[in-house]
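These notes concern the structure reproduced below.
All chains are named by letter (A, B, ...) in the order of the sequence lines, taking the proteins before the strands, and each is independently numbered beginning at 1.
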Amino acid sequence: METLNRVRTQMHQLFRGEASVEQVALSLGAAPERLALYARFVREHVRGVVDKNYPYLARVVGQPLWRQWVEAYERATPSSHWELNSAAEGFPEFLRQRLIAREPGLLAFHVELATYEWEEFAVYTSTAQVPDATPQPTLNPSLAALSFEFPVHSYVEALRRSVDVPPLPGPGSEPHIVLLFQHPPSFELRHLIATPRHLLALKVAQEGLSPSAVAVALGQPMEFVETLLSEAAQEGFLLWAPSKPE
Amino acid sequence: MELTIERPSSHPKPPSLAAHSWVQQGIVPFLGFGVGLRRTHFNSIFEHLTASSALEGERIDFLEVLVENFMGFGGRPRAVLDRAAASWPLVFHGVGLSIGALEPLDEDYLRPLFNLIERVHPLWFSDHLSYSSAFGVDYHDLIPLPFTDSVARHVAARIDVLQGRSSIPFLIENPSYYIEYQDSDLLEVDFINEVLERSGCGLLLDINNVYVNAQNHGYDPYDFIDRLRLDRVAQLHMAGHTPLDGVIVDTHGQDVPNAVYALFAYTLARTGPVSTLLERDHAIPPIETLAAENARIRRVGHSVLGEVQPWKP
């Protein structure tokens with residue numbers, strides 16, 4: 001296996017930028033311009049998947065700053081998993097570290113936007129199994145409740161509607177919680193900005209509270225709690241199919 | 001600039017090959033003519049299934065599933081895959097097995113692969129005769145292996161392990177490659193034959209890759225086909241390619257060119273019926289366009305084979 005080991009070592013050094021195309025070409029007896037093609041392919045796979053997973057941040061930032069960040073990320077973060085998208089998972093954390101290091105042009109909002117975009121993919125592909133029967137209010141197992149300092153969800157919605165890039169939210173924006181989940185039974189990705197009613201429904205499900213106990217605690221009729229839970233089930237972030245009385 | 005390669009497509013079929021092929025022996029069935037299951041067609045492919053019943057020539061006989069797009073994923077991808085499995089025969093194809101690597105086979109890859117096989121029961125699975133990871137890094141590309149006897153033995157031993165753990169046949173695909181190593185002492189075709197001989201696995205013969213490699217490395221693709229162990233061919237790939245920086249790159253982003261069709265017909269005359277898949281991974285057109293190209297492949301196939309009916313579950 002000496003031959004194979006030498007090839008993989010040289011090729012690895014090429015891909016990681018530890019050896020030049022000319023050095024590797026000489027060592028392996030391969031055409032330099034074609035070796036360069038492989039180095040380009042390998043780089044572009046990771047850069048391309050970052051582009052694919054963060055389209056809104058790329059739009060907001062604009063070239064060439066975006067390219068600068070993506071190339072720095074690709075150089076610093078070798079892909080260590082067979083699933084290509086996972087090579088883009090560390091990008092929000094990479095930005096967070098660069099923000100701490102006061103990267104020029106990078107804002108806290110950008111980091112939140114990147115986090116939001118990754119979570120969209122993570123929830124869309126979540127393997128959480130939705131149970132068939134849910135006589136008790138149950139959280140949709142694919143649900144992610146994400147807390148943001150900036151109105152990221154509203155901003156993304158505005159981006160989706162417009163060809164222009166809207167002005168970034170300024171300081172003093174209202175913090176909010178976004179609910180992301182696979183909507184049963186189509187598994188389409190859904191987003192909601194959590195309202196107090198949503199949060200109350202989440203609390204009931206998460207803590208396993210009985211609707212009647214909640215009604216008593218709130219000083220509300222039972223109908224109020226049932227409507228609250230029914231709405232949440234209809235939205236899809238909570239699963240509830242109460243058994244009908246005989 | 002592509003070289004012009006000419007070979008009459010009416011060469012008589014060698015009499016002994018088809019009779020001993022994997023398809024003729026019943027190791028794998030002839031599934032007809034299919035396409036890949038892609039996210040962009042998650043809705044439209046099911047609509048096409050119904051529409052094409054009235055449009056027999058543009059039917060899709062089977063689907064190839066790129067396993068990395070489904071392994072470890074739930075939600076919509078999994079729901080669509082389950083529905084596809086109920087509607088078509090499936091075959092699995094991968095790019096991340098890294099069968100030529102020196103590291104042990106990646107259990108984090110094999111576990112979800114075998115789980116998915118158990119879930120939707122494809123008829124076989126395939127990956128490339130190359131490596132795609134080393135030193136803990138995944139390159140997400142097919143890095144060519146040196147063509148030597150010892151590397152062929154190394155790969156065959158790993159395929160043996162894989163086959164020992166799998167409930168379905170495994171096929172190795174001839175990849176496109178753009179570099180040659182000075183340490184290679186076998187021809188590409190002899191390297192492939194050696195791996196097939198030693199491992200006993202099947203061959204997914206990518207016709208476009210044969211054409212692309214012949215162009216990039218200056219050999220005759222018809223000679224390559226003549227010399228290849230065609231009895232092991234269990235599936236064919238058809239695709240298009242793109243010129244880039246002085247080479248022809250196997251991009252799967254264009255229509256299949258006529259030269260690849262000619263090589264396909266020549267090959268099919270020697271293999272007999274083999275399940276044939278149209279690959280499209282970039283600039284993916286609407287399902288109707290893909291089905292129309294699939295229909296062209298079927299017509300060429302029928303012109304060589306006659307109207308052979310595909311196997312149905």
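Contact record, A:Gly236 with A:Leu239: O-CD2, 4.3 Å, taken as the closest heavy-atom pair. When every heavy atom of A:Val152 is checked against every heavy atom of A:Glu112, the shortest pair comes out as CG2-OE1, 3.6 Å. The minimum heavy-atom distance between B:Arg158 and B:Ile99, with the atom names listed, is NE-O, 2.6 Å. Across all their heavy atoms, A:Gln182 and A:Asn140 have their closest contact at O-ND2, 2.8 Å.
Using a 4.5 Å cut-off on side-chain heavy atoms (C-beta onward), A:Glu117 and A:Asn53 make no contact.
Heavy atoms closer than 4.5 Å to chain B are found in the side chain of A:Phe15, but not in its backbone. Proximity to chain B (any heavy atom under 4.5 Å) is restricted, for A:Ser27, to the backbone atoms N, CA, C and O. Looking at A:Arg43, neither its backbone nor its side chain comes within 4.5 Å of chain B, counting heavy atoms on both sides. For B:Ser150, the parts sitting under 4.5 Å from any heavy atom of chain A are the backbone and the side chain alike. Residue contact with chain B, scored on non-hydrogen atoms closer than 4.5 Å, involves the backbone and the side chain of A:Glu83 alike. Looking at A:Thr9, both its backbone and its side chain come within 4.5 Å of chain B, counting heavy atoms on both sides. Heavy-atom distances place both the backbone and the side chain of A:Leu35 under 4.5 Å from chain B. Of the atoms belonging to B:Phe70, not a single heavy atom falls under 4.5 Å from chain A. Proximity to chain A (any heavy atom under 4.5 Å) is restricted, for B:Glu180, to the backbone atoms N, CA, C and O. Using a 4.5 Å cut-off between heavy atoms, A:Phe121 contacts chain B through its side chain alone, with no backbone atom that close. For B:Asn69, no part lies near chain A; criterion is any non-hydrogen pair under 4.5 Å. With a 4.5 angstrom heavy-atom cutoff, A:His12 touches chain B via backbone and side-chain atoms both. The contact between B:Val249 and chain A is made entirely by side chain atoms (from C-beta outward), counting heavy-atom distances below 4.5 Å. At a 4.5 Å heavy-atom cutoff, the contact between A:Ser126 and chain B is made by backbone atoms alone. In this structure, chain A has a heavy atom under 4.5 Å from the side chain of B:Phe42, while its backbone stays farther away.
Contact count against chain A (heavy-atom pairs under 4.5 Å) is highest for B:Ile143 among B:Ile143, B:Thr148, B:Val151. No other option in B:Pro112, B:Gly96, B:Pro146, B:Gly136 has as many heavy-atom pairs under 4.5 Å with chain A as B:Pro146. Between chain A and the residues B:Val80, B:Leu97, B:Asp106, B:Asn216, the largest count of heavy-atom pairs under 4.5 Å involves B:Asn216. Listed options A:Arg16, A:Arg6, A:Glu2 were ranked by heavy-atom pairs under 4.5 angstrom with chain B; first place goes to A:Arg6. When each of B:Asp108, B:Val95, B:Leu145 is checked for heavy-atom pairs under 4.5 Å with chain A, B:Asp108 comes out on top. With chain B as the partner, the residue from A:Leu37, A:Thr125, A:Leu189 showing the most heavy-atom pairs under 4.5 Å is A:Thr125. Most heavy-atom pairs under 4.5 Å with chain B, from the set A:Pro78, A:Ala36, A:Ser80: that is A:Ser80. When each of A:Leu28, A:Val49, A:Val46, A:Val123 is scored by its heavy-atom pairs under 4.5 Å with chain B, the top score falls to A:Leu28.
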Exercise for the section: Please assess B:Arg111 against B:Glu118 for the test salt bridge (Lys or Arg N to Asp or Glu O under 4.0 Å), listing each intermediate value before the final yes or no. Expected result: CA-CA 11 Å; B:Arg111 199 177 312 109; B:Glu118 290 308 308; over 6 Å; no

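No option in A:Tyr73, A:Tyr56, A:Phe91 other than A:Phe91 meets the ring pair (Phe, Tyr, Trp, His ring centres under 6.0 Å) test with A:Trp66. Of the candidates A:Glu120, A:His153, A:Glu119, A:His191 forms a side-chain hydrogen bond (donor to acceptor under 3.5 Å, both in side chains) with just one, namely A:Glu120.
Annotation: cation-pi geometry satisfied between A:Arg8 and B:Phe135 (NZ/CZ under 6.0 angstrom from ring centroid, within 45° of ring axis). Cation-pi contact between B:Arg39 and A:Tyr124: present, with separation from the ring centre below 6.0 Å and deviation from the ring axis of at most 45°.
By the 4.0 Å N-to-carboxylate-O rule, A:Glu44 lies too far from A:Arg67 to be salt-bridged with it. By the 4.0 Å N-to-carboxylate-O rule, B:Asp149 lies close enough to B:Arg153 to be salt-bridged with it.
Residues B:His93 and B:His128 place their aromatic rings such that the two centres sit under 6.0 Å apart.
If you check the side chains of B:Ser133 and B:Glu103, you find no donor sitting under 3.5 Å from an acceptor.
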